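Have a look at the structure below, then the notes.
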Amino acid sequence: MLTKKQIRHCLETMGEMFPDARCELNHSNPFELLIAVTLSAQCTDALVNKVTKNLFQKYKTPDDYIAVPLEELQQDIRSIGLYRNKAKNIQKLCRMLIEEYGREVPQTREELMKLPGVGRKTANVVLSVAFGIPAIAVDTHVERVSKRLGFCRYKDSVLEVEQTLMKKVPKEEWSITHHRMIFFGRYHCKAQRPQCEICPLLDLCREGKKRMKQKENKK
DNA sequence: AACTCGGGGCA
DNA sequence: TGCCCAGAGTT
């Protein structure tokens, strides 16, 4: 496990590697962000943005989403995987916003997670990106990077990864931290072919050192 | 903890 | 073709 100081160094380096790290999902208000993040599960944000470009022209409010038949909304997001369930969830979610939350996106994790299709990760993205409330959204990238570098233990659950990060990173940096780790994970510390050879963090990365040693033995 | 949903993008 | 993608819900 890395120390707080080492983790800080890692995060700063990631910030230098990806100075523009931020949420890339199209949105102009919390409601649109909520829809976009819900759609983004298990698919790339580029694809989500392609769909929401037209979607947000047609649907502005929760009422708009439930005014059409389910089949129509499904067709409108058809190019995204899992679109049947996602369309169903969005309509259910919009009904809840109308009936229980006065058409406003709730601003607590507990309430957000009551919405269908909204888990802990989505709730944390909405909190931090839409409302500026400190949160660390742990997706596959954040989890993988945390485990490879040694921010946490290999066996940690997603929730444990989040709790460890919150403990080791100052609150003011939670939001930027998850974006930096996501960019680092997506473009550099990839799931398939991590670029350890050119990684500025190789010296303190337990997985990287292991991989480089294995490579050395093969020669 | 394991399984399922799922079309598009990329090697 | 095969494999993965800014997960969530159910068993």
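Only a predicted model underlies this, so the values are computations on that prediction, with no experimental measurement involved. First the proteins, then the strands, lettered A, B, ... as listed; each starts at 1. Just so it is clear, the values below take in all heavy atoms, side chains as well, and ignore hydrogens, waters and symmetry mates.
Residue pairs meeting the ring-ring contact (aromatic ring centres under 6.0 Å, His included) criterion with at least one member in residues 19-51 of chain A, sequence neighbours excluded, are A:F31-A:Y65. Sorted by first and then second residue, the salt bridge (Lys or Arg N to Asp or Glu O under 4.0 Å) pairs with a member in residues 37-53 of chain A read A:D45-A:R186; sequence neighbours excluded.
Nearest-nucleotide positions on DNA chain B place A:I80 closer to the 5' end than the other of A:I80 and A:R193.
The pair A:E143-A:K121 does not meet the salt-bridge criterion, since no charged nitrogen lies less than 4.0 angstrom from a carboxylate oxygen.
More than 12 heavy-atom neighbours from other residues, nucleotides or ligands sit within 6.0 angstrom of NZ on A:K209.
Rounded to whole angstrom, the span from the CZ atom of A:R84 across to the P atom of B:dG8 amounts to 11 Å.
On the P atoms, B:dT4 is 23 Å away from C:dA6, given to the nearest whole Å. When the P atom is compared between C:dT11 and B:dG6, the two are found 16 Å apart, to the nearest whole Å.
Side chains of A:Q75 and A:R78: a donor-acceptor N/O pair is present below 3.5 angstrom, by distance only.
Nucleic acid contact class of A:K155 (heavy atoms, under 4.0 Å, all strands): none.
Under 4.0 angstrom from either OP1 or OP2 of B:dG9 there lies at least one side-chain N or O belonging to A:K50.
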Could you walk me through whether A:R8 and A:E12 satisfy the salt bridge (charged side-chain N to carboxylate O under 4.0 Å, His left out) test, starting with their C-alpha distance in whole Å, then the side-chain angles of each, then the deciding distance to 0.1 Å, before giving a yes or no? CA-CA 6 Å; A:R8 164 174 286 276; A:E12 281 175 357; 3.5 Å; yes
Do nucleotides 2-11 of chain C as a string where each nucleotide becomes B, S or -: B if the base has a protein heavy atom under 4.0 Å, S if just the sugar-phosphate does, - if no protein is that close. --SBBBSS--
